[in-house]
Amino acid sequence: MAQGPGRRDQQPGNFASAAELAERATQNYNYRLIEGAVRVALEVAAGITFLVWVYRSDALARALGSDRMAHSPAWSVIWFFVPFATLVKPYYVLKEIYVGTVIPKTYNLRLDEPAGLHILVLWWWATIAEGLFQAIAPMLADSSEGLQ
């Protein structure tokens, strides 16, 4: 068996000291901190990319001839930041963009729902639920005891 610094305590009768365990815990904490920072940076970048896509898609739908859309390109993005409205309005914005790009000349939001729109609604609420779960899960995990 290999005799590296992390392998000694895996042999029967050899246990890591409290100092070694504390050092490993600190190292693990630092790795988790770096992972969290990278994850936040990637999520912010993805969010910005998505909002730019929403803005450009709304502008494209208008350029294609959907001039009766209820939300301007700027408001299509702003609705994602309005408290409580962000639970409903972004769905209507995305539906409007979808209908406005699929049938721009005969745009009418009251037409029958396009095929697959119920999947979009299900995806939308699943994304919100997943975000809430990710916000709550670390709080539940942090309530555990330390090494002692």
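Position 1 is the first residue of the sequence, and the numbers go up from there. It should be emphasised that the depicted structure is a prediction, and the values quoted were computed from it without experimental measurement. Side chains included, hydrogens not; waters and symmetry mates left out as well; all remaining heavy atoms used.
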Discussion item. Using 0.5 Å steps for rounding, measure from the CG atom of Leu94 to the CH2 atom of Trp53.
Written reply: 6.0 Å
Discussion item. Minimum heavy-atom separation for Phe81 and Val77, please, with both atom names.
Written reply: CD1-O, 3.6 Å
Run the side-chain donor-acceptor check on residues 33-46: report pairs under 3.5 Å with partners two or more places apart or on a different chain.
unit_1 : atom_1 : unit_2 : atom_2 : d
Arg39  : NE     : Glu43  : OE2    : 3.4

Fill in: Interatomic spacing from CD in Glu20 to CD in Gln27 - rounded to 0.5 Å
12.0 Å
Worksheet item: What is the distance from atom OH of Tyr92 to atom CH2 of Trp79, rounded to the nearest 0.5 Å?
Response: 12.0 Å
Practice prompt. Taking Ser76 for its side chain and Ser72 for its backbone only, find out whether a donor-acceptor pair lies under 3.5 Å.
Written response: yes
Fill in: Same apolar cluster (I L V M F W Y, side chains within < 4.5 Å links), Leu60/Val52
no
Discussion item. Distance check, rounded to the nearest 0.5 Å: Glu96 atom CD versus Thr101 atom OG1?
Written reply: 10.5 Å
Worksheet item: What are the two closest non-hydrogen atoms of Asp58 and Met69, and how far apart are they?
Response: OD2-CE, 3.7 Å
Discussion item. Rounded at 0.5 Å granularity, tell me how far OH in Tyr55 sits from CD1 in Ile97.
Written reply: 11.5 Å
Fill in: Donor on one side chain, acceptor on other, Gln134 and Glu130, under 3.5 Å
yes
